[in-house]
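To start, the structure itself, in structure tokens.
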Amino acid sequence: VAVIFSAYISLHYNVDIIAFVNGFLTGFFITGAAMVVNDIFDIEVDAVNAPDRPLVSGVVSVRAAYILSVFLIVLGLAFSVLEGVFAFVIAVVFALIAMIYNGKLKVYGVYGNILVALCVVAPFLYGMAIAESIDLVVVAFSIMAFLVNVAREIIKDTMDIKGDLRRGVKTLPMKIGVKKSAYTAFILTFIAVVMSLVIYPILELSVLYLGFVIPSIAIFMYAVSVYALNPNLENARKCKRMYLVAMMIALIALLLSRV
């Protein structure tokens, strides 16, 4: 969805159905491959945190999962080729980032958080590549999405401490403590929220943008404030879910930013 929204805005609200479909399928297949690989490398952690997952329970074999991930990557890259060299290069780079994260850097905590956030930003960059245009609103949203998703990954790490201990993952909550990690997530989210308001007059965005971004801000700040004040497992779960809702509303704000 972020690919389509980004391309649509970068194309100045002109519709290119073929480019939109190719972009969506590229993101869909590469993201799917990354999720499958993530499950493969997370078997030990999921055995503790999520024992009902397909690979842990034996419903799907590791070999079948590897085959599926390769198939999905090939499909994703094939659709990216149709949109030109720049789009293909971005797809390859972020596919590699996703694989490196799952295979190597996930155990290094905050570095893994940064790579995950970069992968979330990828659809926005890919959308601009499809449009062959750099749009300042999309760039701003890319930065905000990066900050919010680093925060969300830190919050998720709070939920996975037991499994991460078993695997030896060095997450931020394990290094500096849950409370300080919660404050870090709060600060990152707050910066993103302030930025979402600052760009409204600077980039001369529409009133509709403001109408959707304010509810998004309210959800973000409520969720992260509750979590920061009491960073227990239940609040981490609630915060994680509420961030997804806030992100979806923010995407609508992006779509309507220049209407």
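Heavy-atom basis, side chains included; hydrogens, waters and symmetry copies ignored.
- A distance-only check finds a donor-acceptor pair linking the side chain of Asn235 to the backbone of Asn230 [under 3.5 Å].
- Within the model, atoms OG of Ser142 and CG of Leu118 stand 10.5 Å from one another, a figure rounded to the nearest 0.5 Å.
- Considering only heavy atoms from C-beta on, Val226 stays 4.5 Å or farther from Met242 through its side chain.
- Atom CE of Met195 has more than 12 neighbouring heavy atoms from other residues, nucleotides or ligands inside a 6.0 Å radius.
- The shortest heavy-atom contact between Phe24 and Val3 is N-CG1, 4.3 Å.
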Practice problem: Apply side chain to side chain contact (heavy atoms under 4.5 Å, CB included) to Val60 and Leu68, showing your working. | Solution: CA-CA 11 Å; Val60 177; Leu68 176 61; over 6 Å; no
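- Around OH of Tyr200, the count of heavy atoms belonging to other residues, nucleotides or ligands within 6.0 Å exceeds 12.
- Remark: Tyr209 pairs with no residue by the ring pair (Phe, Tyr, Trp, His ring centres under 6.0 Å) rule, at least two apart or across chains.
- Checked by atom type and distance alone, the side chain of Ser216 pairs as donor or acceptor with a backbone atom of Ala246 at under 3.5 Å.
- In the hydrophobic clustering of this structure, Tyr222 groups with Leu188; members are Ile, Leu, Val, Met, Phe, Trp, Tyr whose side-chain heavy atoms approach within less than 4.5 Å, directly or through other members.
- Heavy atoms of other residues, nucleotides or ligands lying less than 6.0 angstrom from CG of Leu197 number more than 12.
- Ile18 and Val85 are assigned to two separate hydrophobic clusters, defined by single-linkage of ILVMFWY side chains at heavy-atom distances under 4.5 Å.
- Atom CZ of Phe28 sits in a sparse spot, with 12 or fewer heavy atoms from other residues, nucleotides or ligands closer than 6.0 Å.
- Tyr243 has its side chain within reach of Thr189: a pair of non-hydrogen atoms, C-beta onward, lies under 4.5 Å apart.
- Of all heavy-atom pairs spanning Val138 and Phe124, the tightest one is CG1-O, 3.7 Å.
- Hydrophobic clustering of Ile, Leu, Val, Met, Phe, Trp and Tyr side chains at less than 4.5 Å, counting indirect connections, keeps Phe29 apart from Ile67.
- Shortest non-hydrogen contact noted between Phe141 and Ala250 is CE2-O, 3.3 Å.
- The distance from the CG atom of Leu25 to the CD atom of Glu83 is 10.5 Å, given to the nearest 0.5 Å.
- Side chains of Leu210 and Leu205 form no contact here, defined as non-hydrogen atoms less than 4.5 Å apart.
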- Task: Could you check Val148 against Phe220 for side chain to side chain contact (heavy atoms under 4.5 Å, CB included), going step by step and ending with a plain yes or no?
- Result: CA-CA 9 Å; Val148 165; Phe220 273 129; 3.4 Å; yes
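- Contact check for Val70 versus Tyr66: no side-chain heavy atoms found under the 4.5 Å cut-off.
- Separating the CG atom in Leu125 from the CD1 atom in Ile134 is a distance of 9.5 Å, to the nearest 0.5 Å.
- Residue Phe88 forms a side chain to side chain contact (heavy atoms under 4.5 Å, CB included) with just one option from Val81, Leu82, Val93, and that option is Val81.
- For the pair Met247/Asn149, a side-chain contact is recorded, criterion being any heavy-atom separation below 4.5 Å from C-beta on.
- Shortest non-hydrogen contact noted between Ser181 and Ile154 is O-CG2, 3.6 Å.
- Proximity of Asp135 to Arg258: side-chain heavy atoms (C-beta onward) are separated by under 4.5 Å at one or more points.
- Scanning all heavy atoms of the two residues, the minimum distance from Thr158 to Leu233 falls at O-CD1, 4.5 Å.
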> Does the pair Leu244 and Arg152 meet the rule for a side chain to side chain contact (heavy atoms under 4.5 Å, CB included), with working shown?
Replying inline: CA-CA 9 Å; Leu244 286 178; Arg152 186 171 182 268; 3.4 Å; yes
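- Under a hydrophobic clustering in which Ile, Leu, Val, Met, Phe, Trp and Tyr are joined whenever their side-chain heavy atoms come within less than 4.5 Å, directly or via other members, Val92 and Val121 fall into the same cluster.
- For Thr26 (side chain) and Ser80 (main-chain N/O), a donor-acceptor pair under 3.5 Å exists by modelled atom type.
- Under the 3.5 Å distance criterion, the side-chain polar atoms of Lys179 are matched with a main-chain donor or acceptor of Ala228.
- Atom CZ of Phe146 and atom CD1 of Ile191 lie 11.0 Å apart (nearest 0.5 Å).
- Atoms OG and CZ, on Ser257 and Phe212 in that order, are 12.0 Å from each other to the nearest 0.5 Å.
- Using a 4.5 Å heavy-atom cutoff, the side chains of Ile130 and Phe20 are not in contact.
- Grouping the Ile, Leu, Val, Met, Phe, Trp and Tyr side chains by contacts below 4.5 angstrom, directly or via other members, places Leu72 apart from Val74.
- Contact check for Met128 versus Val139: side-chain heavy atoms found under the 4.5 Å cut-off.
- The nearest pair of heavy atoms linking Ile90 to Ala129 is CD1-CB, 3.6 Å.
- With values rounded to the nearest 0.5 angstrom, Ile187 atom CD1 is found 12.0 Å from Leu147 atom CG.
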